[in-house]
Amino acid sequence: MPESSIEALAAGVARADLRSVARVASLIENRTGRGRELVRRLFSCTGHALTIGITGPPGAGKSTLVNRLTEVARAEGKRVGIIAVDPSSPFTHGAILGDRVRMQQHHADPDVFIRSMATRGRVGGVAESTLELALLLDAAKFDLVIIETVGVGQDEIEISRLADITVVVLVPGFGDDVQAIKAGLMEVADIFAVNKADLPGAGKLEQEIRAMQSLTDVAAAKPVAPVHRVIAAGGTGVAELLAEIRTVAAHKQKSRGPELWEFRLRELLISRFFASIDGASLRRHAGLVAAKQQDPFSAVDLLWDEHEKQGRAFA
Ligand SMILES: Nc1nc2c(ncn2[C@@H]2O[C@H](COP(=O)(O)OP(=O)(O)OP(=O)(O)O)[C@@H](O)[C@H]2O)c(=O)[nH]1
Ligand SMILES: [Mg+2]
């Protein structure tokens with residue numbers, strides 16, 4: 001099919017043709033060589049979009065917030081690409097279905113592109129696919145690219161950091177048992193959104209965040225992340241949040257282009273390595289090491305060999 005040649009698809013993306021964007025997105029999701037080739041070609045056209053990572057505990061209102069941010073950006077005439085990374089873990093409540101329902105108002109809008117990426121059963125490769133999708137949407141001239149991940153595991157949290165700026169969404173009324181989640185999320189936040197501020201406890205949560213910041217940010221030598229109260233459900237505070245995102249992102253970009261790419265390249269390396277390792281094999285070695293039937297260094301040697309074999313097949 002001549003219209004699906006790499007050249008034609010690249011040209012389609014460059015002129016923001018949505019059918020081409022959708023086809024390339026599928027090529028990326030299916031981890032095809034053509035998808036990767038296209039992203040390589042399109043990379044020189046990227047750099048225009050602001051990418052925003054939105055992460056936070058399950059049910060914090062991330063999708064609702066993404067929906068509202070999209071509304072605000074659309075009212076400005078901006079085009080918005082959304083990538084919802086769904087780990088299909090027991091922690092999420094059918095995120096894909098929920099996202100579809102909540103995003104429905106934007107579905108008919110040709111200037112909003114939504115892609116849910118299921119990660120079930122994949123050990124690695126998620127960071128790489130996510131970055132490829134984000135670059136695709138950037139090349140297709142979307143002004144904002146929003147990446148939603150559920151901030152439960154470290155991997156998910158790291159994916160939100162592939163963006164130019166990371167917003168951590170927290171909600172009042174969690175028990176003390178989520179302190180651990182919060183601690184993991186503290187380090188990645190450029191901005192905190194205290195959502196569901198219509199519920200009691202928003203002030204207390206804000207105080208807790210500031211108290212934790214006073215402990216962690218000194219050591220991290222990182223600017224203190226602003227805290228914003230929002231009611232995503234009603235849209236309150238969302239325009240202000242977007243303005244803050246832009247301000248913080250502008251500051252960050254000035255100082256940390258190479259630093260951000262160093263982080264991204266590291267994530268890509270890890271992602272690619274784990275994409276070539278079978279999860280079952282990793283678990284098998286872990287079992288052998290735990291049972292003292294194998295030492296961890298030999299296990300790593302064997303996993304590395306597996307990666308080299310797979311890596312060659314992959315290339
Ligand atoms: N009271 C109140 N409820 C909200 C607010 N924002 C979102 N919700 C509700 O919180 C629930 C979860 O919202 P989602 O947007 O699906 O949350 P999420 O963080 O995307 O959830 P996962 O993707 O499953 O982790 C929904 O029932 C929303 O209607 C808010 O500002 N106030
Ligand atoms: Mg969601």
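Both ligands and their constituent atoms are indexed starting at 1 by order of listing. For the single chain, residues carry numbers from 1 onward in sequence order.
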With side-chain contact (heavy atoms from CB on, under 4.5 Å) as the test, pick out the partner of Ile165 among Thr51, Ile191, Ile54.
Ile191

Look at the rings of Phe113 and Phe142 and say which category their plane angle falls in: under 30° parallel, 30 to 60° tilted, over 60° perpendicular.
tilted

With respect to [X], determine whether any N or O atom, backbone or side chain, lies less than 3.5 Å from an N or O atom of ligand 1.
X: Ala232; answer: yes
X: Ala233; answer: yes
X: Val230; answer: no
X: Gly234; answer: no

Counting heavy atoms only, which part of Asn195 comes closer than 4.0 Å to ligand 1: side chain, backbone, both or neither?
side chain

So for Ile231 against ligand 1, with non-hydrogen atoms under 4.0 Å, the contacting part is both

In ligand 1, which numbered atoms sit nearer than 4.0 Å to a non-hydrogen atom of [X]?
X: Ser63; answer: 15 (O), 18 (P), 20 (O)
X: Pro58; answer: 25 (O)
X: Glu148; answer: 20 (O), 23 (O)
X: Val150; answer: 25 (O)

Is the shortest distance from a Lys or Arg side-chain nitrogen in [X] or [Y] to a carboxylate oxygen in the other one below 4.0 Å?
X: Glu267; Y: Arg161; answer: no
X: Arg68; Y: Glu71; answer: yes
X: Asp164; Y: Arg264; answer: yes

List the steps and the verdict of salt bridge (charged side-chain N to carboxylate O under 4.0 Å, His left out) for Glu76 and Arg246.
CA-CA 14 Å; Glu76 297 172 352; Arg246 286 174 169 142; 2.9 Å; yes

With no hydrogens and no angle check, is any side-chain donor or acceptor of Ser160 less than 3.5 Å from a backbone partner on Thr55?
no

Determine whether a donor-acceptor pair (N or O, by modelled atom type, separation under 3.5 Å) exists between the side chain of Ser26 and the backbone of Ala22.
yes

Identify which of Gly59, Pro172, Ala84 has a heavy atom lying nearest to atom 12 (C) of ligand 1.
Gly59

Do any N/O/S atoms of Thr64 come under 2.8 Å of the Mg ion (ligand 2)?
no

Checking distances from the Mg ion (ligand 2), one finds that the N, O or S atom of Glu148 closest to it is OE2

Taking every non-hydrogen atom, the tightest pair across Ala49 and Asp138
N-OD1, 3.2 Å

